[in-house]
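Every value quoted in this text rests on a predicted model; they were computed, and no experiment measured them.
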Amino acid sequence: MHRLKRTTLLWRAYVGCLETLLLLIAGASALHAQEGFKTETSSGVSNIRIAVADFKPASVDPQTAAFKHTFDTTLFADLGNAGIFDIVSKSLLPQADPGAPAEIKIQQWADAPTSAAMVAFGNFSVQGSKIICNGFLFDAKNLQYPQVLAKQYNEDASDDSARQIAHRLADEIIFRLSGGSQGIAESKIYYVKLAGANKEIWQMDYDGANQHPITHLGTVSISPRISPDNSRLAFSSLGHDGFQIRMFSLVLNRMVNFASVGGTNLSPAWSPNGKDIAYSSSRSGDPEIWISDTSGNSPRRITNFRGPDVSPVFNPRTGSQIAWISGRTNLPQLYVMDIDGSNVQRMTDGGYATSPSWSPNGQFLTFAWDRKYGPGAPGGQDIYVMEIATKRWIQLTHDGGRCDFPSWSPDGRHIVYANSPDGKATHMKIMTMLADGTQKHELTGAGADMPNWSWK
C-alpha cells in the first residue's frame with residue numbers, strides 16, 4: 001500500500017508540470033515485436049533503385065559551384081531519407097554527368113554496375129541574381145519513352161534557395177514514384193530548445209538544417225504543435241498565471257490571443273480541420289481533456305474521471321477520435337475515445353505510457369512506453385507503435401537510453417522523437433527514424449526536446 005501510494009504521488013507530481021519535470025528512468029527494455037501487422041515502411045515491397053547524378057554546371061558565375069554543391073548534397077540526402085529508394089553509390093555511376101535529355105545515354109545507367117531503374121539528373125546555374133535549375137527523372141528501363149518528369153526552378157541566388165529547390169525536386173520525384181504519396185523534404189519540425197534556465201520554441205527543416213528560434217519569451221515554453229495549414233503554432237508557456245496555452249502566428253510573426261483560464265493548461269493539439277484545439281486543463285481540479293476553438297473560447301470538458309488526463313491528440317484522418325494519456329488506474333495508460341468523451345478504450349496493458357502521436361492514415365499510434373515500470377524493474381522508456389484495430393504493437397527503440405515525444409511525419413514513413421542516452425533531461429536531443437525503427441540518426445545536439453512534425 002505504501003509503494004502504491006508513493007507511485008501515485010510520483011505520477012501526480014509528473015502531471016503537475018507534465019513535460020518539464022521529466023522522470024529519470026534507468027535501464028532499457030529488450031522486448032521483441034508482436035507479430036501480425038506492418039507499418040508504412042515494412043510492407044515487404046522492394047525499394048526502387050535510383051541513380052542521382054550530380055547536376056551539370058551551366059554557367060561560369062563563381063557562385064555556381066558552392067550553390068550547386070549544396071543542391072547536389074541535399075537532393076541526394078532527401079531521396080536517401082525517403083524510405084522508398086535504394087540509392088546507387090556515386091562511385092558506380094557513369095563518368096559523364098548529363099545535363100539535359102539529349103546528353104544522357106540511358107542504357108549506360110540501366111546496365112551494371114549502375115543497374116538503375118530510375119535516374120535523376122539535370123543542370124544548375126547562377127545567372128545574375130537567380131538560380132536556374134532544370135531537373136529530370138528518367139525511367140532507365142523504358143528506352144523508348146524514358147522521361148517521367150521535367151521541372152524548372154528559378155529562385156533568388158542563395159544557399160538556402162539551393163536547398164529549397166532540392167527539397168521541392170525531391171518531393172516531386174517521391175510523389176511520382178510512391179503512388180502519389182507526398183514527400184517530406186519541404187516539411188518542418190518544431191521543438192523545444194533549452195536556453196539557460198529558459199526554453200524557447202524552435203523550428204528546423206525535416207533533416208535538421210536551418211535551425212532557428214520562433215519564440216523569444218524568456219520563460220519556459222513547451223509542447224509546440226503546428227496547425228494543419230502551417231500558419232499558427234500552439235504551445236504551453238509559463239507565465240504569472242502558471243502554464244497557459246499560447247498561440248504564435250507564423251504569418252504575422254507575433255503572438256496572437258488565446259484565452260487564459262485558471263489552473264495548469266498543457267499539451268495543445270489541433271483538430272485536422274484546424275478549427276479546434278484539445279488540451280489538458282486543471283481548471284476544474286483534476287487535469288482533464290478540454291476542447292475549445294482556436295482562440296480558447298467555447299471550451300467544453302470531455303473527460304471527467306478521478307485521475308489526471310493529459311496529452312490529447314486528434315485522429316488526423318477522421319477528426320472524430322482522440323488518443324490521450326490517463327492516470328485513472330494510477331499509472332498513466334494510453335486510451336482512445338470519441339471527441340464527445342464516449343466510447344473510451346484502454347490501449348496499453350500496464351507499465352507507464354506517455355506522449356501519443358497518431359499516424360496520418362489513422363491506423364496507428366506511436367507513443368513512449370516503459371512496459372516494466374516500477375521499483376527494481378529492469379525497464380526503460382522506448383518508442384512503440386500500436387495498431388489501433390488490434391492493439392498489437394512493435395517496439396522501435398532498444399537500449400538507447402530514455403526516448404520520448406514521438407511525432408509522425410506527414411508521409412507516414414518516419415517518426416521523430418527525443419532521446420537522452422543517459423536519461424538526463426538536459427542531454428535530450430532530437431532523433432529521426434523510419435516508422436519500422438530503422439535508419440536512426442540525430443537531427444540536433446543536446447538541449448532539444450518535444451519535437452512536432454508539420455502536417456505537410
Side-chain angles (χ1 to χ4, degrees), residues 40-59 64-65 67-125 131-154 162-186 206-207 411-414 434 436 438-439:
E40 291 283 346
T41 57
S42 59
S43 62
V45 177
S46 297
N47 285 350
I48 300 167
R49 186 168 172 84
I50 187 170
V52 186
D54 286 343
F55 275 39
K56 187 175 182 178
S59 71
T64 297
F67 293 159
K68 192 183 84 70
H69 175 74
T70 296
F71 171 87
D72 288 336
T73 303
T74 303
L75 180 64
F76 190 85
D78 285 349
L79 296 177
N81 291 336
I84 63 172
F85 297 122
D86 173 18
I87 306 293
V88 179
S89 171
K90 290 198 174 183
S91 66
L92 300 179
L93 302 186
Q95 284 190 326
D97 291 326
E103 298 175 12
I104 189 170
K105 297 178 180 179
I106 195 65
Q107 189 66 58
Q108 292 182 355
W109 298 77
D111 291 344
T114 306
S115 304
M118 293 287 170
V119 183
F121 66 99
N123 59 76
F124 186 101
S125 65
I131 290 175
I132 309 297
C133 178
N134 293 284
F136 305 94
L137 179 68
F138 269 29
D139 181 348
K141 304 300 183 183
N142 186 344
L143 300 182
Q144 188 174 4
Y145 302 107
Q147 184 168 304
V148 176
L149 174 69
K151 298 291 292 187
Q152 183 178 83
Y153 303 92
N154 185 329
R163 283 183 50 80
Q164 297 309 317
I165 291 169
H167 286 331
R168 292 203 292 275
L169 179 56
D171 280 350
E172 288 278 0
I173 292 171
I174 291 165
F175 180 78
R176 295 298 181 97
L177 299 183
S178 66
S181 174
Q182 298 292 334
I184 60 169
E186 294 182 83
Y206 91 102
D207 56 1
D411 68 353
R413 290 192 289 267
H414 305 75
L434 292 180
D436 60 3
T438 62
Q439 297 189 27

request  = Classify the angle between the aromatic ring planes of F138 and F121 as parallel (below 30°), tilted (30 to 60°) or perpendicular (above 60°).
outcome  = perpendicular
note = In short, side chain to side chain donor-acceptor pair (under 3.5 Å) pairs touching residues 139-148 with sequence neighbours left out are none
Pair up each side-chain donor or acceptor in residues 72-84 with any protein partner under 3.5 Å, not counting sequence neighbours, and list the distances.
from : atom 1 : to   : atom 2 : distance (Å)
D72  : OD1    : F55  : N      : 3.0
D72  : OD2    : K68  : NZ     : 2.6
T73  : OG1    : H69  : O      : 2.8
T74  : OG1    : T70  : O      : 2.7
D78  : OD1    : H167 : ND1    : 3.4
D78  : OD1    : Y206 : OH     : 2.5
D78  : OD2    : H167 : ND1    : 2.6
N81  : ND2    : A77  : O      : 3.2
N81  : ND2    : Y206 : OH     : 3.2

key: Side chain to side chain, V88 and L93, heavy atoms closer than 4.5 Å   = yes
request  = Would you name the heavy atoms of T114 and P94 that are closest together and state the gap between them?
outcome  = OG1-CD, 3.4 Å
Side chain to side chain contact (heavy atoms under 4.5 Å, CB included) between I174 and D411, worked out = CA-CA 10 Å; I174 291 165; D411 68 353; 6.0 Å; no
message = Closer than 4.0 angstrom, basic N to acidic O: yes or no for D54 and K90?
response = yes
ask   = What are the two closest non-hydrogen atoms of A140 and V119, and how far apart are they?
value = CB-CG2, 4.2 Å
message = A side-chain contact here means heavy atoms from C-beta on lying under 4.5 Å apart; do F85 and V52 qualify?
response = no
Salt-bridge contact R176-D171 (side-chain N to carboxylate O under 4.0 Å) = no
task = Apply side chain to side chain contact (heavy atoms under 4.5 Å, CB included) to M118 and R49, showing your working.
result = CA-CA 7 Å; M118 293 287 170; R49 186 168 172 84; over 6 Å; no
query = Is the shortest heavy-atom distance from the side chain of F175 to the side chain of S181 under 4.5 Å?
reply = no
Side-chain donor/acceptor pairs under 3.5 Å, residues 101-108, sequence neighbours excluded:
from : atom 1 : to   : atom 2 : distance (Å)
E103 : OE1    : K56  : NZ     : 3.1
E103 : OE1    : G99  : N      : 2.9
Q107 : NE2    : D111 : OD1    : 2.7

